[in-house]
There are 2 protein chains.
Amino acid sequence: MGAFFKIRKGIVAVSHTLEDGRRQITALRAPGDCVGYLEKDGVYAFEGEALTDVEACAFDRRRFDDFVSVQPDLAAALVEALSSALKQSGMLSLVLGQLRSTERVAHFLAEISALYAERHVSLARPLTLHMGRSEIADYLGLTIETVSRSIGKLKSRGIIATVESGEVVILDDQRLREAGKVSR
Amino acid sequence: MGAFFKIRKGIVAVSHTLEDGRRQITALRAPGDCVGYLEKDGVYAFEGEALTDVEACAFDRRRFDDFVSVQPDLAAALVEALSSALKQSGMLSLVLGQLRSTERVAHFLAEISALYAERHVSLARPLTLHMGRSEIADYLGLTIETVSRSIGKLKSRGIIATVESGEVVILDDQRLREAGKVSR
DNA sequence: CGGGCGATTGAAAGACTTCAATGGGTGTGG
DNA sequence: CCACACCCATTGAAGTCTTTCAATCGCCCG
């Protein structure tokens, strides 16, 4: 309570669950990102789930805030991190509100591929998602069946392939990003 | 360019549009909020549209950042504003990803009612939305027809009513929030 | 080899969208 | 002052997409 974490290794899914059990993963956090920063009266606004083994630094919220106030650089970094998270969150809204199922899955694969490459989670292909169909579904606002069928469509279009271990191989990054409506 | 705005009066819709014309409104901003803060290389990450007449203060981005670095209080306020926006954005993802059409519309009405009351936009009822069906649709990831039908359902359930001018009367706030899955 | 879990696939149902037509309100011009 | 055009919202019907329900497959583990 009153603590937040900076991830050093691993992937964390930030989510929110309704009383009836429906869950939305609102963000994926990778090494360098912070989780648990948004709270109110000691109650976290969202839940966090480790998708892989995670190594993180824990900070005491109060002390950190005090420290920030005398460290302008740190404050700037915090603003930068929050701005970036806000941009990503807006993009997720765009995906959830406007894209069709296969577009969402394509977007997701392109996004996670870029994220992992950027944060050195695993530069190897095939790409290990670290998420089951259930997590992907909860992230994209779809059911596991629809996610499965969308992956099938991308495979049949020759854009991706899967290996027996469940990992994904991106065969055509260009077309994957097009299919996922990824701007640039 | 390089400027951002703090809203003094009016409502602004922050949005993002795909090449094929699909648009998602990712946030609604009211007096006290800032818009145009998220940019990259002088290019704004999102678009802004005034839903009403708007009065705002413009800040030069560079000078503001410099000023922030010597004003810890201002930095803290900025962090607070961004945190709040991030929470709201996560909630929108939840709405878009998990709620059905009528739930989304109910959520929207409850949210906008609370927002306007809180920011003194208009304390009067009936509630003036300041948004046409088209904007509501783009905010909720629905079509104008579905929005219209959902409003009809809420009316037939006796939760809301509309007056000829198009304004909305919330007859049962309790049930509206339940229908919109609004936590508290 | 049997059980269990996650992923895939099929078929039917449901929700939302699309296309089309109608109605109400406003503003302009005759 | 009324007719008409226009815009927005509503309503109906058909179509598309996604979900739901069910069954199957493959893999790992005991």
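Within every chain, numbering begins at 1; the chains are lettered A, B, ... in the order of the sequence lines, protein sequences first and strands thereafter.
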Practice item. May I ask you to check whether over 12 heavy atoms, not counting those of B:D20, lie within 6.0 Å of atom CG? Key: yes
Exercise for review: Could you tell me the separation between the CD1 atom of A:I160 and the P atom of C:dT8, rounded to a whole number of Å?
Suggested key: 10 Å
Point to revise | Separation of atom CD in B:E135 from atom P in D:dA9, rounded to whole Å | key: 8 Å
Exercise for review: Take the protein atom CG of B:L140 and the nucleotide atom P of C:dA15, then report the distance between them rounded to whole Å.
Suggested key: 18 Å
Point to revise | Atom-to-atom span, CZ of B:R149 to C1' of D:dA13 - whole angstrom | key: 9 Å
Exercise for review: Report yes if at least one side-chain N or O of A:S101 is closer than 4.0 Å to OP1 or OP2 of D:dC17; otherwise report no.
Suggested key: no
Point to revise | Spacing of A:L99 atom CG relative to C:dT17 atom P, expressed in whole Å | key: 14 Å
Review point. Within the structure, does a side-chain N or O atom of A:T143 lie under 4.0 Å from either OP1 or OP2 of D:dT19?
Key: yes
Review point. How close or far is atom C1' of C:dA7 from atom CG of A:D138, stated in whole angstroms?
Key: 16 Å
Practice item. Check whether any side-chain heavy atom of A:D172 sits under 4.5 Å from a side-chain heavy atom of A:L176, and report yes or no. Key: no
Review point. Closer to the 5' end of DNA chain D via nearest nucleotide, is it A:R104 or B:K155?
Key: B:K155
Review point. Where each residue is assigned the nucleotide of DNA chain C containing its nearest heavy atom, which of B:R100 and A:V147 is assigned the position nearer the 5′ end?
Key: A:V147
Check your understanding: What orientation do A:F59 and A:F4 show, parallel under 30°, tilted 30 to 60°, or perpendicular over 60°?
Key -> parallel
Exercise for review: Whole angstrom is fine here: how far is it from CD in A:E145 over to C1' in C:dT9?
Suggested key: 10 Å
Check your understanding: A:M131 has an atom CE; how far is it from atom P of C:dA7, in whole Å?
Key -> 11 Å
Check your understanding: Contact class for A:E164 vs. all strands (heavy atom < 4.0 Å): base, sugar-phosphate, or nothing?
Key -> nothing
Practice item. Would you please confirm or rule out a distance under 4.0 Å between OP1 or OP2 of D:dA9 and any side-chain N or O of B:S148? Key: no
Review point. In terms of hydrophobic clustering (I, L, V, M, F, W, Y; side-chain heavy atoms under 4.5 Å; direct or indirect links), are B:V168 and B:I144 co-clustered?
Key: no
Review point. Under 4.0 Å between a Lys/Arg side-chain N and an Asp/Glu carboxylate O for A:R62 and A:D66?
Key: no
Review point. Is the phosphate of C:dT8, meaning OP1 or OP2, less than 4.0 Å from a side-chain N or O of A:R133?
Key: yes
Check your understanding: When you match B:L142 and A:T146 each to their closest nucleotide on DNA chain C, which lands nearer the 5' end?
Key -> A:T146
